[in-house]
Amino acid sequence: MNLQDTLTTVEQELDITKKIKIYLCGVTVYDESHIGHARTIIVFDVLRKYLESKKVEVDFVQNFTDVDDKIINRATKENVAAEEISSKYIENYFRDFEELNVKRATNYPKATEHIEDIIEFIKKLIGKEMAYVAKNGVYFAVSKFSEYGKLSKKKIDELQSGSRIQIDETKNDPADFAVWKFSDINPAWDSPWGKGRPGWHIECSVMSLKYLGENFDIHGGGRDLIFPHHENEIAQSEACTNLPFAKIWMHVGMVTISGEKMSKSLGNTKSIKQVLENWGPNIIRLFCLSGHYSKVIDYSEDMLKENLTKWRQVETCYFELIHANNKNQENVSESIQKIGIEFDKSLEDDFNTHLALSAFFQLVKETNRLAAAEKLGKENGAIIKKEFERISAILGLTIPEMSQNEIQEIDELILNREKFREEKQFDKADKIRDELNKMNVELIDHKERTIWMKKEKIKSE
RNA sequence: GGUACUCUGGCAGAACGGUUAUGCGUGAGCCUGCAAAGCUUAUACAAGGGGGUUCGACUCCCUCGGGUACCUCCA
């Protein structure tokens with residue numbers, strides 16, 4: 001498998017014959033997660049599901065930043081403990097991503113639970129003279145890490161001119177960043193240098209090395225994390241271990257809205273919760289996978305609507321497959337195999353989910369063609385269904401299961417309708433159809449028989 | 001200003017030197033008691049502008065221009 005690496009700017013080979021270790025920078029928990037977060041996490045969720053479908057073992061670690069100025073500010077504003085804020089939004093995070101059908105990470109380490117490790121790490125940095133104690137905190141000495149800037153392709157001396165933060169006179173160099181901030185405000189911990197809390201970047205260095213070891217396979221996150229966050233992580237980690245940090249840096253493009261980045265600071269976010277209510281998980285997933293992961297995608301209601309159309313086709317395909325019982329069958333094993341190979345190939349070539357989706361829609365189309373031609377039988381239907389299920393599991397698409405009772409009820413209603421249709425009592429037949437529609441069941445009248453599909457309820461439809 | 005990414009038909013979005021991408025939309029037809037869904041078929045002056053390399057360029061090079069992101073809050 002090949003993946004574009006931000007650090008070397010070329011595609012790197014990922015050896016998927018052995019265990020893959022992935023670290024994804026998660027969210028700072030001070031507010032609801034939005035579609036931008038969803039995109040990044042869905043991309044990695046599909047990557048992981050793909051690898052696991054190939055029997056590759058995956059260690060997937062995603063952190064929560066649960067100590068941060070923003071959390072503290074919010075807590076102060078709401079007059080509650082910082083902990084309360086972070087635990088509330090962690091809970092909400094799981095609620096959202098559960099519903100988005102994102103598989104739980106192997107591990108969700110939190111900064112606050114790794115203070116000891118962080119302190120040990122800082123000790124090492126100070127011991128190596130890569131960090132120093134100043135008035136307001138402990139800082140990493142950027143100038144001592146000669147490769148600083150290699151990820152974001154920035155030159156240290158150019159960083160200062162554009163700097164929008166006030167220059168802190170107590171630092172040796174304006175480019176230096178805090179690994180420990182002195183503070184008495186809770187949450188604060190004792191350290192050999194004074195009471196305070198960790199800087200933002202240090203937790204990821206510490207926790208990724210702790211859980212994945214040195215030189216793990218993929219370090220991911222949104223593109224906006226390249227600088228300073230990932231740049232600083234590299235500096236700290238490599239300064240500490242003298243070994244290359246992550247093998248591949250994989251960055252997911254931003255989600256924009258009306259051409260502008262969706263972000264909490266701009267206040268133009270669409271929360272996952274809100275979009276889930278209106279569109280449901282499958283459409284969000286299709287939308288998030290609709291473009292190459294490295295590029296920008298623009299959020300709009302029109303795009304969601306387009307993905308709703310696609311989702312309806314997938315649903316139709318699925319229900320055609322479970323009802324398949326035509327006598328005349330066309331041999332499909334070869335064409336389906338081709339589609340499967342195409343799907344895999346697309347993902348292995350820099351994780352091109354859009355191309356992979358194209359392959360999937362070929363399968364959908366092929367199924368619907370066979371169904372229209374009354375050539376979808378039990379055997380070829382089963383072949384297609386197997387591939388359909390493999391692909392939709394990787395993409396994380398789910399069609400809700402139905403109870404036997406419900407199915408029986410639907411079947412009976414259809415039988416009644418058929419009777420009325422034969423008797424040309426169309427009013428009564430249509431009434432039954434309306435009744436079924438109310439249950440979100442849509443009928444598909446083929447030449448020889450009628451099948452049904454249970455549509456996902458989509459509020460925005 | 002620097003750096004990175006990006007610019008493809010009405011819209012979304014692929015192909016990394018040589019085929020119609022694909023999907024949405026739209027038109028026509030088929031199917032149907034009527035719908036819905038689906039199928040068939042048609043539809044695109046497309047490549048940000050201008051140069052160049054080449055038998056051949058969306059793809060490589062140069063140049064000019066637009067957009068977005070980052071330049072110490074951010075997925």
Side-chain angles (χ1 to χ4, degrees), chain A residues 6 9 11 24-28 30 33-41 43-44 65 68-70 73 142 149 151-155 158-168 174-178 199-201 220-229 231-232 251-256 259-266 287 290-292 294-298 300 302-303 305-310 312-313 315-317 319-320 346 349-350 352 354-355 357-362 364-365 367-373 421 424-426 429-430 433 437 442-447 451 453 455:
Chain A
T6 310
T9 71
E11 279 188 16
L24 177 65
C25 281
V27 294
T28 302
Y30 72 99
S33 303
H34 58 71
I35 292 298
H37 302 118
R39 181 191 189 188
T40 303
I41 288 150
V43 164
F44 276 86
T65 299
D68 178 89
D69 292 354
K70 288 190 173 175
N73 290 344
V142 163
L151 182 74
S152 55
K153 323 288 183 237
K154 290 183 193 305
K155 294 191 179 104
E158 280 168 3
L159 287 177
Q160 296 152 31
S161 57
S163 169
R164 61 186 157 79
I165 204 154
Q166 284 183 332
I167 291 171
D168 181 346
D176 293 348
F177 56 89
W200 172 34
H201 320 291
R223 283 205 99 82
D224 53 350
L225 295 185
I226 295 174
F227 191 90
H229 189 232
E231 192 69 62
N232 291 354
H251 288 106
V252 178
M254 295 295 102
V255 175
T256 59
E260 221 182 15
K261 180 183 169 187
M262 185 184 285
S263 77
K264 293 178 201 169
S265 26
L266 286 171
F287 168 71
S290 66
H292 191 266
S294 65
K295 292 188 184 174
V296 170
I297 54 172
D298 197 55
S300 71
D302 279 354
M303 275 303 108
K305 203 182 270 173
E306 182 173 326
N307 283 292
L308 166 65
T309 310
K310 292 180 181 186
R312 291 299 185 215
Q313 290 170 348
E315 285 180 312
T316 306
C317 169
F319 284 98
E320 291 287 4
S346 304
D349 185 9
D350 198 20
N352 194 331
H354 189 273
L355 257 189
L357 279 172
S358 294
F360 182 47
F361 283 107
Q362 261 176 54
V364 169
K365 206 152 182 94
T367 305
N368 294 340
R369 184 186 69 78
L370 289 167
R421 285 178 79 200
K424 301 210 186 288
Q425 291 190 266
F426 296 122
D430 288 350
R433 185 165 66 191
N437 283 161
E442 190 167 302
L443 299 183
I444 301 173
D445 287 332
H446 283 301
K447 268 184 216 153
I451 69 157
M453 60 184 277
K455 291 166 38 174

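In what follows, every heavy atom counts, from backbone to side chain, and hydrogens, waters and symmetry copies are set aside. Each chain gets a letter, A, B and so on, in the order its sequence line appears, and its residues count up from 1.
- Remark: P of C70(B) and CZ of Phe227(A) are 12 Å apart, rounded to the nearest angstrom.
- Comparing Gly26(A) and Ala359(A) by the nucleotide of RNA chain B whose heavy atom lies nearest to each, the residue mapping closer to the 5' end is Ala359(A).
- For His292(A), the listed nucleotide lying nearest its side chain is A14(B); candidates were A75(B), U72(B), A14(B).
- Residue Gly149(A) is out of contact with every strand shown, counting any heavy-atom pair closer than 4.0 Å.
- Applying the side chain to side chain donor-acceptor pair (under 3.5 Å) criterion to Ser346(A), with sequence neighbours excluded, gives no partner residue.
- Distance, Phe360(A) CZ to G13(B) C1': 18 Å, rounded to whole Å.
- Residue Asp445(A) has its side chain nearest to A35(B) when only U72(B), C24(B), A35(B) are considered.
- Considering only side-chain atoms of Arg223(A), the nucleotide from A4(B), C70(B), G33(B) that sits closest is A4(B).
- Here the nucleotide nearest the side chain of Asp430(A), chosen from C34(B), A75(B), G23(B), is C34(B).
- Separating the C1' atom of C62(B) from that of G23(B) is a span of 36 Å, rounded to the nearest Å.
- Regarding Arg39(A), its CZ atom lies at a distance of 13 Å from the C1' atom of A69(B), rounded to whole Å.
- Comparing U6(B) with G13(B), their C1' atoms sit 13 Å apart, to the nearest whole Å.
- In this entry C60(B) has G52(B) as its Watson-Crick or G-U wobble partner, both defining distances falling under 3.5 Å.
- Comparing the same atom, C1', in U20(B) and in C58(B) gives a spacing of 15 Å after rounding to whole Å.
- If you take atom P in C7(B) and the same atom in A12(B), they sit 12 Å apart, rounded to whole Å.
- In this structure, Thr316(A) reaches the sugar-phosphate backbone alone: every heavy-atom distance under 4.0 Å involves primed, P, OP1 or OP2 atoms, never a base.
- An OP1 or OP2 oxygen of A75(B) is reached within less than 4.0 angstrom by a side-chain nitrogen or oxygen of Thr28(A).
- Counting any heavy atom pair closer than 4.0 Å across all strands shown, Glu231(A) reaches no nucleic acid atom.
- Note on Met262(A): a base of the nucleic acid sits closer than 4.0 angstrom, heavy atoms only.
- Using cut-offs of 30° and 60° on the angle between ring planes, the pair His229(A) and His201(A) is tilted.
- Here the nucleotide nearest the side chain of Met303(A), chosen from C71(B), A12(B), A37(B), is A12(B).
- Judged purely by atom type and a 3.5 angstrom limit, Arg39(A) has no side-chain atom pairing as donor or acceptor with the backbone of Phe287(A).
- You'll find that the side chain of Cys25(A) is closest to A75(B), out of A75(B), C70(B), A36(B).
- The distance from atom CG of Leu225(A) to atom P of C73(B) is 12 Å, rounded to the nearest whole Å.
- In this structure, Arg421(A) places its CZ atom 7 Å from P of G33(B), rounding to the nearest Å.
- Distance Asn307(A) CG to C24(B) P: 11 Å, rounded to the nearest Å.
- C16(B) and G25(B): their C1' atoms are spaced 29 Å apart (whole Å).
- With P as the reference atom, C39(B) and U22(B) are 14 Å apart, rounded to whole Å.
- Looking at heavy-atom distances under 4.0 Å, Leu266(A) makes no contact with the nucleic acid at all.
- The side chain of Thr40(A) approaches A75(B) more closely than any other nucleotide in the set U72(B), A75(B), U3(B).
- With A21(B), G13(B), G23(B) as the choices, the nucleotide that has an atom nearest any side-chain atom of Ile297(A) turns out to be G13(B).
- Among the protein residues, Asp349(A) comes within range of the nucleic acid bases, having at least one heavy atom under 4.0 Å from a base atom.
- With contacts defined as side-chain heavy-atom distances shorter than 4.5 Å, the pair Arg421(A)/Asp445(A) qualifies.
- Listed nucleotides: C73(B), A75(B), C16(B). Nearest to the side chain of Lys70(A): C73(B).
- In this model, the phosphate group of A15(B) is approached by a side-chain N or O of Asn352(A) to a distance below 4.0 Å at OP1 or OP2.
- A donor and an acceptor atom never sit less than 3.5 Å apart when one is taken from the side chain of Lys264(A) and the other from the base of C73(B).
- Looking at heavy-atom distances under 4.0 Å, Thr6(A) makes no contact with the nucleic acid at all.
- Defined by atom type and a distance below 3.5 Å, a donor-acceptor pair is present between the side-chain atoms of Glu231(A) and Ser152(A).
- Using a 4.0 Å heavy-atom distance criterion, Ser265(A) is classed as a base contact.
- Look at NZ on Lys155(A): it is 16 Å from C1' on C70(B), rounded to the nearest Å.
- Side-chain contact between His37(A) and Lys264(A): present, with at least one pair of heavy atoms (C-beta onward) separated by less than 4.5 Å.
- For the P atom pair drawn from A21(B) and C45(B), the interatomic distance equals 12 Å after rounding to whole Å.
- Spacing between atom CG of Asn368(A) and atom P of A36(B) amounts to 17 Å, rounded to whole angstrom units.
- Counting any heavy atom pair closer than 4.0 Å across all strands shown, Phe426(A) reaches a base atom.
- A 4.5 Å side-chain heavy-atom check between Leu370(A) and Glu320(A) finds every atom pair outside the cut-off.
- For A14(B), the OP1/OP2 oxygens have a side-chain nitrogen or oxygen of Lys295(A) closer than 4.0 Å.
- Two residues, Leu355(A) and Ile41(A), neighbour RNA chain B, and the one matched to the more 5' nucleotide by heavy-atom proximity is Leu355(A).
- Counting atom types as modelled, Glu306(A) pairs a side-chain N or O with a base atom of G23(B) as donor and acceptor under 3.5 Å.
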Yes or no on side chain to side chain contact (heavy atoms under 4.5 Å, CB included) for Phe177(A) and Val142(A), after CA distance, side-chain angles and deciding distance?
-> CA-CA 8 Å; Phe177(A) 56 89; Val142(A) 163; 3.9 Å; yes
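- Using a 4.5 Å cut-off on side-chain heavy atoms (C-beta onward), Lys261(A) and Arg223(A) make no contact.
- In terms of heavy atoms, His292(A) sits closest to Asn352(A) at CD2-CA, 4.1 Å.
- Looking at heavy-atom distances under 4.0 Å, Gly221(A) makes contact with sugar-phosphate atoms alone, never a base.
- In this structure, Ile226(A) reaches neither bases nor backbone, as no heavy-atom distance under 4.0 Å exists between it and the strands shown.
- Within 4.0 Å (heavy atoms only), Val252(A) reaches no atom of the nucleic acid at all.
- With hydrogens and angles ignored, a donor-acceptor pair closer than 3.5 Å exists between the side chain of Lys261(A) and the base of C74(B).
- Of the candidate nucleotides G23(B), A36(B), U72(B), U72(B) has the atom lying nearest to any side-chain atom of Phe177(A).
- Put simply, Gln362(A) has no side-chain N or O that comes within less than 4.0 Å of OP1 or OP2 on A21(B).
- Judged by atom type and distance alone, Glu11(A) reaches the base of C16(B) through a side-chain donor-acceptor pair under 3.5 Å.
- Going from the P atom of G66(B) to that of G48(B) covers 16 Å, rounded to whole Å.
- Residue Arg433(A) is classed as a base contact, given a heavy-atom separation below 4.0 Å to a base.
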